[in-house]
Structures are given as structure tokens and as C-alpha cells.
Amino acid sequence: MIKRIVTWILLLSLTVAILLFPVHLNFGLQPAQSIHIFSNLPLFAILFVAWVLNLTWLLILNKNRWLQMALIGIFAIVFLGFWTVITPYGLQGDFDSGGIAYAQTLKNQGIASSSLINFGYFKFPFTSMLGAGVSKLTGLSIFNTRTLVLLISSVLLGVSLYWFFRNMLRNSTVAAVGAILAIIGNMMLCNSVRFYPTGFGLILSVIFFVLLIKGKGIIFETKRDKVIAMLLILAITLTHYITSFYIIAILSGIFSVQLITKEKLIKWWYIIALAVFPVLWGFAVANEFVKTILNSSVQSVQTVQTVVSSVATSPVLPTVAGQTSTIVGQATASSHSLLWWVEDMAIRYLGVQSPLWMRFVIIFWIVLVFGLGSILALVYLVRIKKSSKRVKILVGAMVGVVALSILAVIASLNLGGYQFFRFLQFSGFFLIPLILVYILSFISRKVIIICLVSIMIVLSFPTFLAYNSAIEGNAIYPQEIEAC
């Protein structure tokens, strides 16, 4: 008992030491900026690894779900919250539509008017209302409010992941380690913890996922679950409009699996009931926003048609080999121009200027989570009738994510296909438990826990640095705030 108390005290001490570790941010263009912000990187690395070892030890020893939740929250507040603490004036994304500037305006004026120039996102006011409300109640400045809210949000995200995984995997320790790996293994998730609507919409979505499997009944079987789901879809719609449709797409994907397997998973009428509010809100209140999305989609389709037409009508060499090479070359060049956002992300994190360790870490997680996970999802989809209920729900959710992501990428080709990041954001929540379900089918839980913990210990620190390699470029500096 005394040893555990000492271990908890040590963990909390290390947590505080890491969050308060001195850093110096200077705008730079190095490919791995996160390793340059520490005046004593070896000391920080020792503290971080000791912290991970301590947390892992407590996670294995404690079978109590509340203590495990606390540990997941501590992990999230460091792995995600550290970058919030060291950037008191915000990061890129915090000043996007619906972010800090909206909250400050709402706090000052006391009203949310979408008629103001550049403030059209007030039609989705949840984030700005949250920031302004917390700032008013606590008396904190809007920047300190951002720090407080994002730290709490990080904990909430980790705890919600734990509950979702626990419901799916039926084992608290595997679920706890799996939730940590879901945070470590998804760069887009880590980069979404910002004070802007996309980030808060994602956190609310994870809370929603907890309701996807509870007990042996169908989804939303109890009245309480129905009410909670309705309140969450309202909050998600008022936070980030596109995210609300991902929720509907996920539920629709699960329903499509139900049609194939004939096993009752969810009632169709409740999906429609949940979809009513986003649709009504979009066309009755935020119709200009919806028109903008539709216009962008039309422009993207026209761009694709132009590219296809230019490739089809371009002169080619008379030989078969020449014709093939010309068409392939033109098609490749056209796809590059259409998917510049994807290219930009690949160059930023996997370019030749990036350190080898950074490329290895990111490729490892991409291959493990999105590569292996997607393959397993396809395998289970083929054998869906023979799969368990939880696998059917996970595969159905992936069907919805993939279907809407394809539409979103096509609709955003005019802007470089940037909506591809939605697939990366949402799919990890379902692919990681799918991987764990598969492994649990032929390997003992003890072996799985040992393997997962080993990966966590070895890769947590380099991943922590790799995901935030552009921290100095992304940080907002006081000079920028003064100039506004």
C-alpha cells in the first residue's frame, strides 16, 4: 500500500515537472523543431521516460476502473496538454473560425452576431460560447481560458476513449493501454486538440461513441441513452457542422451491416431522428454556410471533370508504350495538383529533410493503425455474418467513415483534398479496437498487454516529439497578438 502511494506521488511529481519544464520557442524552419525547444533535452527525455514507466506500472497494478481512468487522464494531459501549456498565446487553428477571436468577441459584446464580417461561424456558437462563458465565470483572460479548457478537454478525450474501448474489449487493462495507443497512434487526433470547432466536435464525438455498445442490447436501447445521444448530436451540430454528419454516416454504416447480417444493431428511425436537427439547422439557420459547401463541391467536381477531359483529349504518342506513359504522366500530374494538401502533409512529416527517427515513427503508426487496421476491416467485412456484435459495429462504423470521407475528399478537391484528414481523425477510433479484437482471438491477454506496453514505452517519447515537429512555426507569439 505504501509503495503504491509513493508511486502515485512520484507520478504526480513527474507530471508537474514535465508540464513546467522550461522551453524556449523561437520561430524557425527546422524540420524537427520540437527537439530544439528544450534547453536540456536529455534531462527532459529522462523525466518523460520515467513518467511513462511509472504510469505504466500503476496501470498494470490497478484493476479499478476509476484509477485507470485517472491514469488515462494524466497521460492525456501530458501527451496532449503539454503543447497547450507551452504556447500560452495559442497555436495555429486556435484563431480559426469559431476559435479564440470569436470567444473574445462574444465575451466583449455579449451577443453572437453572424452578420459581423468574418464571423459567420457564430451560427455554430458552442465553442465561442464555451470560451466566453468559462472566461466570464472564472475571471481568466481568454488565453488562460483556452489553456484551462483544452487541458480539461484532453482529460475528457482520454477518459472517453477508455470507456469506449472498455465497452468494446471487455477488459479494463487492455482497454486502458489501447486508449493510450489510440492517442499515441493518431497524429491527426493529437493535432486536433485546439481551441476551435473541429477539435471540440471530435471530443464530443468520442463521448458519443461510448453509447455505441452497452450491454447485449441494440444501440440506444434505453431511454437514457436516447436522450444523451440526442443532446450530444445537438451539441456536435452547434459545434462543428461536418462532424454531425460523420456521426450520422457512422450510424448509417452500422445500419447497412445490420441489413446484411439481419442482426439487430440499431433502429433506422432513430438515425433519422438524430439527422433531423443537423439538416434543419443547416437549411433554416446556416443556409449560407451550406450553400458555400455545396458551391465548393460543385467547383471540385468541375475541376475533376476538367482534369479528366484534358487527359482524355491530350495528344499522345502513336506507340502503345508512349500512349500509356503519356496518360499516366498527365494523370499523375493532375492528381498532384488536386491533392496538394495530402502532398504537403507527406512532405512536412515524411520528406527527405525530416530526421530518420521521425519518419520511422510516423510510418510505423500509419502502417500499424491505418494499414493493418484497414486490412482487418476489409477481412471482417467479407466475413461479417460470422463476426461478433462488437466487430459488426466497428466494421459498420468504418463503412460510414470511409463512405463520407470519400465524398468529403471529392468535395474538397478544389482546396487540395484537405478533408482527407477526417478519415485519419475518425478511423483510428474503430481500427485500433478492431486490431485488438483480432489479436485477442489467438493471443493471451497477458502477452498482448506486455507487447502493447513495450510499444508504448519505446515509442511514446519519439512520437511525442514527431507529432509536434513544427511547434515553433505553429505557435502564436506575443508580438503577433500585440500587432492585432
Q. Do F208 and F220 have ring centres separated by under 6.0 Å?
A. yes
Q: Take the angle between the ring planes of F82 and F38 and call it parallel below 30°, perpendicular above 60°, tilted in between.
A: parallel
Q | Test side-chain contact (heavy atoms from CB on, under 4.5 Å) applied to L151 and V155, V149, T147, L148, the passing residue | A | T147
Q: Please answer whether the main-chain N or O of L58 pairs with a side-chain N or O of N62 as donor and acceptor at a distance below 3.5 Å.
A: yes
Q.
Testing the 3.5 Å rule here: is there a donor-acceptor pair between the side chains of T173 and R166?
A. no
Can you give me every donor-acceptor pair (side chain of residues 360-371, partner residue at least two apart or in another chain, under 3.5 Å) with its distance?
residue : atom : partner : partner atom : Å
W365    : NE1  : T463    : OG1          : 2.9

Q: For ring pair (Phe, Tyr, Trp, His ring centres under 6.0 Å), just list the numbers for F464 and F48, CA-CA rounded to whole Å, side-chain angles, deciding distance to a tenth of an Å, and then say yes or no.
A: CA-CA 10 Å; F464 177 75; F48 193 95; 4.7 Å; yes
Q.
Test your reading of the model: is there a side-chain donor-acceptor pair from Y102 to the backbone of G131, 3.5 Å cut-off?
A. no
Q: Report the relative orientation of the aromatic rings in F426 and Y246; use parallel for angles under 30°, tilted for 30 to 60°, perpendicular for over 60°.
A: parallel
**Q.** Closest non-hydrogen atom pair, L91 against R146
**A.** N-NH2, 3.9 Å
Q: Return the set of residues passing side chain to side chain donor-acceptor pair (under 3.5 Å) with S34 (not counting sequence neighbours), or none when no residue passes.
A: none
Q: Over 60° means perpendicular and under 30° means parallel, so classify the ring planes of F195 and F200, tilted if in between.
A: perpendicular
Q: Apply side chain to side chain contact (heavy atoms under 4.5 Å, CB included) to the pair L130 and T145, showing each step before the final yes or no.
A: CA-CA 10 Å; L130 176 66; T145 298; over 6 Å; no
(Q) Within the structure provided, determine whether W83 and L150 are in side-chain contact (heavy-atom separation under 4.5 Å). (A) no
Q) Can you list every side-chain hydrogen bond (donor to acceptor under 3.5 Å, both in side chains) pair that touches residues 135-144, not counting sequence neighbours? A) K107-S135, S141-N144
Q. Is there a side-chain contact between L202 and T243 (heavy atoms, below 4.5 Å)?
A. no
(Q) Would you call the rings of F79 and F75 parallel, tilted or perpendicular, taking 30° and 60° as the class edges? (A) parallel
Q. Is any side-chain heavy atom of R65 closer than 4.5 Å to a side-chain heavy atom of Y162?
A. yes
Q | For N167, side chain to side chain donor-acceptor pair (under 3.5 Å) partners two or more places apart | A | none
Q | Atom of G201, atom of I236 and distance for their closest heavy-atom approach | A | O-CG1, 4.5 Å
Q. Under 3.5 Å, is there a donor-acceptor pair between the side chain of Q33 and the main chain of G473?
A. yes
Q: Please determine, by modelled atom types, if N108 and Q104 share a side-chain donor-acceptor pair under 3.5 angstrom.
A: yes
Q. Any side-chain heavy-atom pair from T87 and I471 closer than 4.5 angstrom?
A. yes
Throw together a table of side-chain donor-acceptor distances under 3.5 angstrom for residues 432-454, partners on residues two or more places apart or in other chains.
residue : atom : partner : partner atom : Å
S441    : OG   : Y438    : O            : 2.4
S444    : OG   : V447    : N            : 3.4
S454    : OG   : I450    : O            : 2.7

Q | Residues which pass salt bridge (charged side-chain N to carboxylate O under 4.0 Å, His left out) with K392, listed by chain and number, not counting sequence neighbours | A | E263
Q | CH2 (W57) with more than 12 external heavy atoms under 6.0 Å | A | no
